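Shown next, in structure tokens, is the structure this report addresses.
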2 protein chains.
Amino acid sequence: MRNDPPRVQPLDYPSAMEDLDRRLVGLLLADGRMSYTDLGKATGLSTSAVHQRVRRLEERGVVTGYTAQVSPDALGLPLTALISVAPFDPSAPDDVPDRLRHITEIEDCHSVAGVESYILKVRVSTPGDLEDLLARIRSAANVSTRTTVVLSTPWEGRSASAAAGEVS
Amino acid sequence: MRNDPPRVQPLDYPSAMEDLDRRLVGLLLADGRMSYTDLGKATGLSTSAVHQRVRRLEERGVVTGYTAQVSPDALGLPLTALISVAPFDPSAPDDVPDRLRHITEIEDCHSVAGVESYILKVRVSTPGDLEDLLARIRSAANVSTRTTVVLSTPWEGRSASAAAGEVS
DNA sequence: ACTGAAAATCCCTTAAG
DNA sequence: CTTAAGGGATTTTCAGT
């Protein structure tokens, strides 16, 4: 694989997180409504200890919130696409995200290193809606677009962090 | 924008979802730990009614679960990349997702229409880890890769569905 | 389908060791 | 971090409309 040069510091990056914290995060990723009591049973900790740790995780910004997982299909948004955008005028100040933020069909907005400046993930109902959306994006941000249609999604949102909470 | 031909059926697609359901989904997207009591207060429904509707939303597969939102940065995974993969041998049966599923760094896996077959979203700690990951992906699935590094993410996971739950 | 209330349960919080 | 316990809130059910 890779020829590891010796590291100056044998540290793991910011990730100074204990094993218990990782387990808790993993459990909350799997079920964000789990009670502190149940989290305690699953980790062997007392309810109070879990409460403390989860609160700290929230304060440290490791856990930023909780949300329902919703099926776009069931919501009538069966068409997903990835859109690369490039500004028509590269000399203009780059406020593309600000100009696009109000467009709710855009689920993700990444600034990327490459020929194009941003990659968006969008969800719509029909090809016609996609056509409309592209027009809105182009005119709102003065960009050209290159669209890749998603055919299917074997998996999504699997939070790499979940590996941290795996049962060993 | 687009020249709408008259629709054969003036239906809204599968989305036969009432306004109340949309509001509930929106609220649960914003706070997945909200209690039925509070959901009731927010929608003007009784606790029981909320309970019924949320249960039905879960049964219908609209709400598929609940999860904590976790900051990859805080977890020590500050480097995100999008990887397009294309099979070396296009005649071989396409079991790329199965071959990649065990690689936990891969958060999303989309099958796409385009020159390349799949687009992956991955998270790692360092460029070195990305290098390793790419090698593992290539050898596990016998594919070539094209990697786009994410510089920053103005927003992510904004669930287009949230628009449904907006305050009018 | 929603309301309202009652019952049972569970949860959070605090305190003390 | 644990145990213990109080008080409170929440889930869940059920009958009624």
Side-chain angles (χ1 to χ4, degrees), chain A residues 12 14-71 74-76 161-162 164-168, chain B residues 11-71 74-76 161-162 164-168:
Chain A
D12 236 0
S15 95
M17 234 185 31
E18 296 180 34
D19 208 55
L20 275 171
D21 284 333
R22 294 187 183 281
R23 301 246 313 269
L24 288 173
V25 168
L27 289 163
L28 284 173
L29 282 170
D31 179 3
R33 292 198 71 132
M34 222 170 157
S35 69
Y36 297 135
T37 310
D38 287 344
L39 288 170
K41 285 177 191 161
T43 53
L45 254 60
S46 70
T47 307
S48 321
V50 170
H51 195 236
Q52 265 182 63
R53 291 184 103 99
V54 172
R55 183 184 296 280
R56 261 203 302 272
L57 287 168
E58 289 168 357
E59 282 167 359
R60 276 170 47 205
V62 177
V63 171
T64 61
Y66 303 88
T67 186
Q69 293 167 310
V70 171
S71 154
L75 263 181
S161 1
E166 266 166 12
V167 256
S168 48
Chain B
L11 288 178
D12 235 2
Y13 230 71
S15 94
M17 235 186 30
E18 298 179 32
D19 207 56
L20 275 171
D21 284 333
R22 294 188 183 281
R23 300 249 308 272
L24 288 173
V25 168
L27 289 163
L28 284 173
L29 281 170
D31 179 3
R33 293 198 71 134
M34 221 169 157
S35 71
Y36 297 134
T37 311
D38 287 344
L39 289 169
K41 285 177 192 160
T43 54
L45 254 58
S46 70
T47 307
S48 322
V50 170
H51 196 236
Q52 270 182 62
R53 293 187 101 101
V54 172
R55 183 187 295 280
R56 261 203 302 276
L57 286 168
E58 289 168 358
E59 282 167 358
R60 274 202 278 148
V62 178
V63 171
T64 61
Y66 302 88
T67 186
Q69 292 168 309
V70 170
S71 154
L75 263 180
S161 3
E166 265 168 13
V167 256
S168 51

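Each chain gets a letter, A, B and so on, in the order its sequence line appears, and its residues count up from 1. All values reported here derive from a predicted model rather than from experimental measurement.
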- Please give, in whole Å, the distance from D/dT3 P to A/Gln52 CD? 14 Å

- Item | B/Ser71 and A/Val62, any side-chain heavy atoms less than 4.5 Å apart | no

- Message: Work out how far the P atom of D/dT12 is from that of C/dC12, and round it to whole angstrom.
- Response: 14 Å

- Message: What's the separation between atom CD in B/Gln52 and atom CZ in B/Arg56, rounded to the nearest 0.5 Å?
- Response: 5.5 Å

- Message: salt bridge (Lys or Arg N to Asp or Glu O under 4.0 Å), that's the test. Do B/Arg60 and B/Asp21 meet it? Break it down for me.
- Response: CA-CA 12 Å; B/Arg60 274 202 278 148; B/Asp21 284 333; 3.4 Å; yes

- side-chain N/O B/Arg56 vs C/dA1 OP1/OP2, d < 4.0 Å: yes

- Starting at atom CG of B/Leu24, determine the distance to atom P of C/dA1, rounded to an integer number of angstrom. 14 Å

- Note on the structure: Which of A/Leu57, A/Leu29, A/Leu28 passes side chain to side chain contact (heavy atoms under 4.5 Å, CB included) with B/Val70? Answer is A/Leu29

- Message: What does the 5'-to-3' dot-bracket notation of DNA chain D look like when only Watson-Crick and G-U wobble pairs under 3.5 Å count, and pairs to other strands show as |?
- Response: |||||.||||.||||||

- Out of curiosity, B/Ser35 OG to A/Arg33 CZ, how far, rounded to the nearest 0.5 Å? 7.5 Å

- Task: Give a yes/no answer on whether the side chain of B/His51 brings an N or O atom under 4.0 Å of OP1 or OP2 in D/dT11.
- Result: no

- Task: Measure across A/His51 and A/Tyr36 and return the closest heavy-atom pair with its distance rounded to 0.1 Å.
- Result: CD2-CE1, 3.0 Å

- Task: Check DNA chain D against residues 38-49 of chain A and give the residues with a non-hydrogen atom under 4.0 Å, in numerical order.
- Result: A/Gly44, A/Leu45, A/Ser46, A/Ser48, A/Ala49

- Hey, which of A/Val50, A/Leu39, A/Val54 is the one that makes side chain to side chain contact (heavy atoms under 4.5 Å, CB included) with A/Met34? A/Leu39

- Atom-pair distance (OH on B/Tyr36; C1' on D/dT13), nearest Å: 14 Å

- Item | Distance, nearest 0.5 Å, that separates CG of A/Asp19 from OG1 of A/Thr43 | 11.0 Å

- Tell me which nucleotide among D/dT11, C/dT3, D/dT13 gets nearest to the side chain of B/Thr37. D/dT11

- Message: Can you tell me if B/Arg33 touches the phosphate of C/dC11, counting only side-chain N or O atoms and a distance under 4.0 Å to OP1 or OP2?
- Response: no

- Message: Minimum heavy-atom separation for B/Tyr66 and A/Gln69, please, with both atom names.
- Response: N-OE1, 3.6 Å

